[in-house]
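Below is one structure, written out as structure tokens; the observations come after it.
Each chain gets a letter, A, B and so on, in the order the sequences are listed, and its residues count up from 1. Everything numeric in this text was worked out from a predicted model, so none of it was measured.
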2 protein chains.
Amino acid sequence: MKVTRAQIVEGAYQALGERGLGGLSMRGLAQDLGVQPGALYYHVASKQELLAAVAARILDEIPAPATDPRSAADALRTALLRVRDGAEVVSFVQAFRPEIVVPAHELRRLFAESFGPREAEWAARTVVHYVLGFVAEEQNHAELVRAQILPEEPSRAEDSSRAFMFGIDAILGGLEVGSAR
Amino acid sequence: MKVTRAQIVEGAYQALGERGLGGLSMRGLAQDLGVQPGALYYHVASKQELLAAVAARILDEIPAPATDPRSAADALRTALLRVRDGAEVVSFVQAFRPEIVVPAHELRRLFAESFGPREAEWAARTVVHYVLGFVAEEQNHAELVRAQILPEEPSRAEDSSRAFMFGIDAILGGLEVGSAR
DNA sequence: ACCTGAACACCGTTCAAGT
DNA sequence: ACCTGAACACCGTTCAAGT
């Protein structure tokens, strides 16, 4: 059996959607691809490196470069929600490969219009931390519902979107005030 | 050899400080305590449950109930920074035992003075997400420096505090505007 | 160039049996 | 009541050897 790096990354992305981050193992992935575990290490340096590629794949779902911070935050949330544990994977990768989190650069660029470079960086990080934290909680809740540890709440999705927007508007409002000062 | 639940929790907290979350295993902890791994499971249901107790232990370092959101956020950050990977542990636990994250209740209580219950909850979550996300990044960076993957930057600590305050002030400023509306 | 087979050094958890 | 011994079902990673 032969595999390419692209197949491994795509397989990992699929497996993430089907089994979640806790169910994503190199051995399981090898079995999905009809190959021995060791074969993966010819194409990929480590599980960490593979997760970095999966994070890039998740963020690739964002359609176009954003024109304002509010829609950048919204597009990021949407991309993260497309795959199970998406926020956790991106958070993990952000720790050691921050350059992969492209929306952070875009936010910095957008904020550079009203801030100095230092403040633009801080503002972008504030927004990214909020979005990653918010969506991680959303998805962790979903995992617990799936595991039947928590009951399902039908109105949750709509509430979540309103709560998300409440926070984003507060943050962006506060940043605007700060930049005007 | 005999162990109590309190000793296990304290041992886990110590081990976290010394080896980080990645180095904290039930087997290693058992060895530290001079006991077989299975013995731990007489006192503790699972590693998850133990981590929940460790998270409570981390948050116990917060001295007194806060009087305003800004100092609540600051006290939370300080407690998280006291132990390696503190933010990651609390984030993890928040997912399945949110009631353990006491600062979140306090923030909700403080925001209830200017918001309805729904908005107070959202406001509290916004602040908690930001603090956890910010400190997690700080500590992950520290882990990478420790592993000599990233170089040490001497001015980092002071910069971090300023960046943290920049974000907190923006969020709280934005929330104030929202509540006045 | 790419993969297999097999091993190394780990995990969390369970549970009969011992004291 | 509390612990040991031993097992079960896993991990990520490495690497000689094969094709």
Gap in Å between the two [atom1] atoms, one belonging to [N] and one to [M], rounded:
N	M	atom1	answer
D/dC3	C/dA16	C1'	12 Å
C/dC10	D/dA9	P	22 Å
D/dA17	C/dC2	C1'	13 Å

Just how far, in rounded Å, is [atom2] of [N] from [atom1] of [X]?
X	N	atom1	atom2	result
B/Met26	D/dT4	CE	P	14 Å
B/Leu24	C/dC10	CG	P	16 Å
A/Lys2	D/dG18	NZ	P	20 Å
A/Glu49	D/dT14	CD	P	12 Å
B/Leu40	D/dG5	CG	C1'	15 Å
B/Lys47	D/dC11	NZ	P	15 Å
B/Gln48	C/dC11	CD	P	18 Å
A/Arg27	C/dC11	CZ	P	15 Å

Ignoring hydrogens and geometry, is there a side-chain-to-backbone donor-acceptor pair from A/Gln139 to A/Gly86 under 3.5 Å?
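Yes, A/Gln139 side chain to A/Gly86 backbone: donor-acceptor pair under 3.5 Å.
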I'd like to know if the side chain of B/Glu49 reaches the main chain of B/Ala45, judged simply by a donor and an acceptor atom lying under 3.5 Å from each other, with no hydrogens or angles considered.
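Answer holds: yes.
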A/His43 side chain near C/dC3 phosphate (N/O to OP1/OP2, under 4.0 Å)
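A/His43 to C/dC3 OP1/OP2: side-chain N or O found under 4.0 Å.
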So, OP1 or OP2 of D/dC2: does either fall under 4.0 Å of a side-chain N or O from B/Tyr42?
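Checking B/Tyr42 against D/dC2: at least one side-chain N or O falls below 4.0 Å of OP1 or OP2.
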Please determine whether a side-chain nitrogen of the Lys or Arg among B/Asp85 and B/Arg19 lies less than 4.0 Å from a carboxylate oxygen of the Asp or Glu.
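No salt bridge links B/Asp85 with B/Arg19.
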Comparing B/Ser25 and A/Thr4 on DNA chain C - which has the more 5′ nearest nucleotide:
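Checking each residue's closest nucleotide, the 5'-ward one belongs to A/Thr4.
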Both A/Tyr41 and B/Ala39 contact DNA chain D. Taking the nearest nucleotide for each, which residue is further toward the 5' end?
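Comparing both residues, the 5'-ward one is B/Ala39.
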Can you identify which nucleotide, out of C/dG12, C/dG5, D/dC3, has its nearest atom closest to the A/Gln36 side chain?
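Output: C/dG5.
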Nucleotide of D/dT4, C/dG12, D/dT13 approaching B/Val35 most closely (side-chain heavy atoms):
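The answer is D/dT4.
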D/dC8 - base-pair partner by Watson-Crick or wobble geometry, distances under 3.5 Å
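Across any shown strand, D/dC8 pairs with C/dG12.
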Taking any strand in view, what nucleotide pairs with D/dA1 in a Watson-Crick or G-U wobble way, both distances under 3.5 Å?
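When the pairing criteria are applied, C/dT19 turns out to be the nucleotide that pairs with D/dA1.
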Is NZ or CZ of B/Arg77 both nearer than 6.0 Å to the six-membered ring centre of B/Phe164 and within 45° of the ring axis?
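Flagged: B/Arg77 positioned over aromatic ring of B/Phe164.
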Could you check, using the six-membered ring where one of them is a Trp, whether B/Tyr130 and A/Tyr130 have ring centers closer than 6.0 angstrom?
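No: the rings miss the under 6.0 Å criterion.
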